[in-house]
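Read the structure below first, then the notes.
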Number of protein chains: 2
Amino acid sequence: MARPQSPDYDTRRQLILDTAADLIAKEGFAGTSVNDVAAACDISKSLIYHYYSSKEDILFAAMEDYLSDLRLVVSEAVGANGDGETRFRTVVHSLLENYKNAGAKHRVLLQELDRLSGDRRKAIVEGEDEIVGQIAELIGGIAGLGADKSKTRTAMTMLFMGMVNWTHTWFDPDGPINADQLADMATDIFLRGVRG
Amino acid sequence: MARPQSPDYDTRRQLILDTAADLIAKEGFAGTSVNDVAAACDISKSLIYHYYSSKEDILFAAMEDYLSDLRLVVSEAVGANGDGETRFRTVVHSLLENYKNAGAKHRVLLQELDRLSGDRRKAIVEGEDEIVGQIAELIGGIAGLGADKSKTRTAMTMLFMGMVNWTHTWFDPDGPINADQLADMATDIFLRGVRG
DNA sequence: CCTACCGATCGGTAGG
DNA sequence: CCTACCGATCGGTAGG
């Protein structure tokens with residue numbers, strides 16, 4: 001008879017992911033040992049290997065976990081009612097709201113991509129590209145860029161992604177400006193800047 | 001008689017810095033061993049320790065080296081003749097030009113700051129803050145923000161820093177858009193967005 | 001007593 | 001779910 005799965009299985013799996021993301025965000029992937037993760041979870045290193053078969057597996061799972069949240073949030077905002085500018089503004093609010101709640105995973109997603117093997121890196125990059133592609137379509141519509149301007153549209157979109165993705169290095173949601181105010185500021189600057 | 005310093009001393013010191021920056025940008029600080037650096041330089045590990053007394057010393061020196069270039073370039077552009085918008089545009093061109101020539105050191109400066117000890121991290125952050133402060137003054141003038149709007153000015157400046165600092169993740173200077181075109185695009189969008 | 005540089009190895013810790 | 005270990009490699013230093 002197969003031994004039943006622990007009732008804590010999913011909870012513990014998630015704890016490992018969240019804890020690993022915190023440590024990797026602070027110390028880097030190579031600077032975080034599996035033992036560090038185990039100690040912070042108050043479990044043995046061997047138990048970590050019961051849930052994930054390698055350190056890279058943990059990194060990949062943490063990235064997938066957060067990226068799937070982002071994809072959901074962005075496609076909902078993009079597919080909502082309203083004109084392009086309104087939906088764009090909603091996307092920015094959603095992104096910054098999400099970053100606020102998952103700062104460590106966000107930094108890990110942005111900074112540790114090169115630590116994945118080729119196949120897995122490709123899988124993550126594809127997910128990121130789909131998000132960026134949806135935002136690029138919105139921006140293309142707002143800026144009035146035809147299909148012949150795809151290079152310009154891509155560069156514009158990536159300049160915008162920089163504005164929002166860079167926030168993790170300096171923005172404090174509990175500081176003088178909150179996430180919604182920052183989202184409006186970024187939206188206003190960018191829309192005024194690219195409006196056709 | 002004291003034995004003289006090797007005539008290759010400065011050349012070799014610089015080789016270590018540049019090589020270490022390349023490896024650290026790719027593999028992360030903890031993922032790069034002193035031996036990796038030595039092998040890539042075709043010298044012994046012991047010789048690395050003749051030039052730098054610890055791995056962290058190498059990281060710090062590489063960051064200082066690049067940061068001092070950035071500071072020079074930015075303060076020159078900021079202090080040049082011309083109105084605020086012209087000087088701002090020059091800063092953006094200078095920054096992107098510099099990033100292009102020092103991609104690895106740029107990534108290291110942005111990504112490995114937490115690997116430094118407190119004192120050294122503080123020294124680097126102070127240098128970065130001076131650059132950001134100079135750019136913030138330019139932007140404040142352009143956007144017509146008084147001293148009472150310093151929080152807004154800071155947020156605006158950091159949104160802009162995101163646009164340019166994020167380029168290292170996606171921009172290919174040999175791609176369809178060159179560094180000068182991208183600098184103009186970023187400048188145009190941002191200036192139209194914040195102009196008072 | 002200085003600096004330049006090597007082959008070999010130190011005490012500890014990594015992922016597994 | 002743990003302790004006990006491994007082959008290898010880590011950052012840093014010894015003698016000469």
Side-chain angles (χ1 to χ4, degrees), chain A residues 1-17 19-63 108 112 114-117 120, chain B residues 1-17 19-63 108 112 114-118 120-121:
Chain A
M1 294 241 312
R3 186 170 165 179
Q5 199 170 263
S6 161
D8 293 337
Y9 189 87
D10 293 321
T11 311
R12 192 128 51 183
R13 229 179 127 88
Q14 195 62 50
L15 175 67
I16 293 170
L17 244 44
T19 306
D22 284 346
L23 292 174
I24 293 170
K26 255 181 252 157
E27 308 293 340
F29 181 68
T32 301
S33 72
V34 176
N35 230 340
D36 293 338
V37 179
C41 293
D42 213 30
I43 59 178
S44 73
K45 184 169 61 170
S46 298
L47 188 53
I48 298 267
Y49 281 98
H50 172 68
Y51 288 90
Y52 294 99
S53 58
S54 73
K55 195 166 83 148
E56 195 203 310
D57 277 12
I58 302 174
L59 177 65
F60 183 60
M63 286 179 162
V108 169
E112 306 293 346
D114 288 346
R115 253 45 76 192
L116 293 179
S117 68
R120 289 172 155 179
Chain B
M1 291 248 305
R3 186 170 167 180
Q5 196 171 264
S6 162
D8 294 336
Y9 188 87
D10 292 321
T11 310
R12 191 126 53 182
R13 229 179 128 87
Q14 195 62 50
L15 174 67
I16 293 170
L17 245 43
T19 305
D22 284 346
L23 292 173
I24 294 170
K26 256 182 253 159
E27 308 293 341
F29 181 68
T32 302
S33 72
V34 177
N35 230 339
D36 293 339
V37 178
C41 293
D42 213 30
I43 57 178
S44 72
K45 185 169 62 168
S46 296
L47 188 53
I48 298 267
Y49 282 99
H50 173 69
Y51 287 89
Y52 294 98
S53 57
S54 72
K55 195 166 80 152
E56 194 202 311
D57 277 14
I58 301 173
L59 177 64
F60 182 61
M63 287 179 163
V108 169
E112 305 293 346
D114 288 347
R115 254 44 76 191
L116 292 179
S117 68
R120 288 173 156 177
R121 186 169 52 240

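Letters go in sequence order (proteins before strands), and every chain restarts at 1.
Between C:dC5 and B:His50, no contact under 4.0 Å exists linking OP1 or OP2 to a side-chain N or O. Side-chain N/O atoms of B:Arg12 include none lying less than 4.0 angstrom from OP1 or OP2 on C:dA4. For C:dC5, the OP1/OP2 oxygens have a side-chain nitrogen or oxygen of B:Tyr51 closer than 4.0 Å.
Atoms CD and CZ, from B:Glu56 and B:Arg121 in turn, are 9.5 Å apart once rounded to the nearest 0.5 Å.
Judged by distance alone with a 3.5 Å cut-off, no donor-acceptor contact links the side chain of B:Lys55 to the base of D:dG12. Contact of A:Ser46 with D:dT3 (side chain to base): a donor-acceptor pair of N or O atoms is detected under 3.5 Å.
The nucleotide whose nearest atom lies closest to any side-chain atom of A:Tyr49 is, among D:dG11, C:dC6, C:dG16, C:dG16.
Note: NZ (B:Lys45) to C1' (C:dT9) measures 9 Å, nearest angstrom. Between the CG atom of B:Leu47 and the C1' atom of C:dA4 there is a distance of 8 Å, given to the nearest Å. Atom CD1 of B:Ile48 is separated from atom C1' of D:dT13 by 15 Å (rounded to the nearest Å). We find that CD1 of B:Ile58 is positioned 9 Å from P of D:dG12, with the value rounded to whole Å. Atoms CZ (B:Arg115) and C1' (D:dC10) sit 17 Å apart, rounded to a whole Å.
Heavy atoms only, all atoms of each residue included: B:Thr32 and B:Glu27 are closest at OG1-CB, 3.6 Å. Listed here is the closest heavy atom pair of A:Tyr49 and A:Ser54: CE2-CA, 3.9 Å. Minimum heavy-atom separation, B:Val37 to B:Thr19: O-CG2, 4.1 Å.
Annotation: C:dA8 and D:dG12 have their P atoms spaced 22 Å apart (nearest Å).
Between B:Val34 and A:Asp42, the residue whose closest nucleotide on DNA chain D is further toward the 5' end is A:Asp42.
Side-chain contact between B:Ile24 and B:Ile58: absent, with no pair of heavy atoms (C-beta onward) separated by less than 4.5 Å.
Using a 4.0 Å heavy-atom cutoff across all strands shown, B:Ser54 reaches sugar-phosphate atoms only and no base atom.
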